[in-house]
Asks: 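Pasting in a structure now, in structure tokens, and then I'll have a few things to ask.
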Protein chains: 2
Amino acid sequence: MSDHEQQPLPPTSRLSGDALPPVEQHAQQYETVRNAHETELIEDYVELIGDLLRHRGEARAADIASRMAVSQATVSKMIRRLNELGLVTSRPYRSLFLTEEGHKMAETSRARHDIVLHFLRALGVRDTTARIDAEGMEHHVSDETLAIMQRFTEKHQP
Amino acid sequence: MSDHEQQPLPPTSRLSGDALPPVEQHAQQYETVRNAHETELIEDYVELIGDLLRHRGEARAADIASRMAVSQATVSKMIRRLNELGLVTSRPYRSLFLTEEGHKMAETSRARHDIVLHFLRALGVRDTTARIDAEGMEHHVSDETLAIMQRFTEKHQP
DNA sequence: CAAATAGTTTAGCCTTGGCTAACAATTATT
DNA sequence: AATAATTGTTAGCCAAGGCTAAACTATTTG
Ligand SMILES: [Mn+2]
Ligand SMILES: [Mn+2]
Ligand SMILES: [Mn+2]
Ligand SMILES: [Mn+2]
């Protein structure tokens, strides 16, 4: 080590933040996030299709494209995937429908989404912001946290 | 419309959940999430490098690989990207270091991460769960919500 | 009913973020 | 010093999720 190069500082040079978690636990944090990201988009599609069916009576690819701010080609490709996964049934130029499994996923997702949204509002977050945050947060909230959020909302917003 | 096929239900058949937001607002929700996902991994790398530097004095690719539960090849590739983005400096078989910009990003990310983590703990979430949830949520929490979380934590955990 | 408009699909391209396998360089052990 | 073990890089593969452009189908309208 003869060169006068940039050297790591001693570990005591700063004392903010928590300690590093043990490697296995730390690894699990990131793994869980990666897993969530694998299903996230699927869930959002299925949830949106469910919402469109409920509120509009039908779910067309074009609506999904504009509501997601994505090209119709992107939606078309995704619908094929949802089909292969057995979550939707689709026939060209007809409304999409959810399979039994798709319907279950839509309900679960919507329930979770609502809990997070209502929680944020109960916390005091403005509606528009709450909606944006909830859209991303919903996929990363454990059942444990979800339950706590629900209780909080009930207590603070009768 | 001559065939007796599956028909959309009338929009009034169920009345749960909120109404659909206007298209532009709805679109913005998804766009914000997509944007967050673009920077998410970069932030996690930079934050982890910062944490390793602070707590261990050095940040080696191998540590990142095991803490993220990802192959070394993946880390190696990512480090090249971080380099190109001007966030880290690296020389083979030496510790990584953060550039000025990288350091700033690491601090910002850690601060945000800590706020979310402490908030979840203050809410009553168990530590392990809170850590997992925070890892994913942190990237989807607006400044507005962040501020509210911080105030909440201060009030409920002196 | 013909033409215009709107909706849908397909093909082909790109980036990101994973992986494995093979190789290279450094560091540790005997 | 030689060998072993660890660490890092590179090449090449893959899937997901975007995009545009072009073609096709359905619906609406003049
Ligand atoms: Mn979502
Ligand atoms: Mn996410
Ligand atoms: Mn983080
Ligand atoms: Mn994170």
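All of these numbers come straight from a predicted model, not from anything done at the bench. So you know, we letter chains A, B, ... as the sequences are listed, proteins then strands, and number each from 1.
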Asks: Testing the basics here: between A:Val46 and A:Gly102, what is the closest heavy-atom pair and its distance to 0.1 Å?
Replies: CG1-O, 3.2 Å
Asks: Show, in sequence, the C-alpha distance, side-chain angles and deciding distance for B:His140 and B:His37, and conclude whether the ring-ring contact (aromatic ring centres under 6.0 Å, His included) test is met.
Replies: CA-CA 9 Å; B:His140 300 286; B:His37 283 164; 4.9 Å; yes
Asks: What integer distance in Å separates B:Ile64:CD1 from D:dT6:C1'?
Replies: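 After rounding, the gap between these two atoms is 16 Å.
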Asks: Please check the phosphate of C:dC19 (OP1 and OP2 only) for any side-chain N or O of B:Thr74 closer than 4.0 Å.
Replies: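 So the side chain of B:Thr74 is within the cut-off, an N or O lying under 4.0 Å from OP1 or OP2 of C:dC19.
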Asks: Can you check the A:Asp44 CG to D:dA16 P distance for me, whole Å?
Replies: 17 Å
Asks: Does a side-chain N or O from A:Ser71 land closer than 4.0 Å to OP1 or OP2 of D:dC19, or not?
Replies: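 Affirmative; the distance criterion is met.
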Asks: Between B:Gln72 and A:Asp63, which has a closest nucleotide on DNA chain C that is more 5'?
Replies: A:Asp63
Asks: Roughly how many Å is it from OH in A:Tyr93 to C1' in C:dA6, rounded to a whole number?
Replies: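 It is 10 Å, rounded to the nearest whole Å.
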Asks: Any side-chain heavy atom of B:Glu43 within less than 4.5 Å of one from B:Thr108?
Replies: no
Asks: Would you classify A:Leu41 as touching base, sugar-phosphate or nothing, given that sugar-phosphate means primed atoms plus P, OP1 and OP2, and contacts are heavy atoms under 4.0 Å?
Replies: sugar-phosphate
Asks: May I ask you to verify if any side-chain N or O of B:Arg60 is less than 4.0 angstrom from the OP1 or OP2 atom of D:dG8?
Replies: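 The answer is yes; a side-chain N or O of B:Arg60 sits under 4.0 Å from OP1 or OP2.
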Asks: Using atom CE of B:Met68 as one end and atom P of D:dG8 as the other, report the distance to the nearest whole Å.
Replies: 15 Å
Asks: Answer yes when A:Arg110 and A:Glu107 have at least one side-chain N-carboxylate O distance shorter than 4.0 Å, and no when they do not.
Replies: yes
Asks: Report the residue (B:Arg81 or B:Ala73) whose heavy-atom-nearest nucleotide on DNA chain C is the more 5′ of the two.
Replies: B:Arg81
Asks: Rounded to the nearest Å, what distance is computed from the NZ atom of residue B:Lys77 to the P atom of nucleotide C:dT16?
Replies: 10 Å
Asks: Whole Å only: how far is the CZ atom of A:Arg91 from the P atom of D:dC24?
Replies: 23 Å
Asks: Tell me the interatomic distance from A:Asn83, atom CG, to C:dT10, atom P, rounded to whole angstroms.
Replies: 11 Å
Asks: Does A:Arg80 place a side-chain N or O at less than 4.0 Å from the phosphate oxygens OP1/OP2 of C:dT10?
Replies: yes
Asks: Output the single nucleotide from C:dG7, D:dT9, D:dT7 whose closest atom is nearest the side chain of B:Ala62.
Replies: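 The nucleotide sitting nearest to the side chain is D:dT7.
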Asks: Regarding A:Asp18 and B:Arg121, does a basic nitrogen lie under 4.0 Å from an acidic carboxylate oxygen?
Replies: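 Salt bridge: yes.
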Asks: In whole Å, what is the span from the CD atom of B:Glu40 to the C1' atom of C:dG18?
Replies: 15 Å
Asks: Tell me what B:Val70 touches on the nucleic acid: a base, only sugar-phosphate, or nothing, going by heavy atoms under 4.0 Å.
Replies: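 Contact class for B:Val70: sugar-phosphate only.
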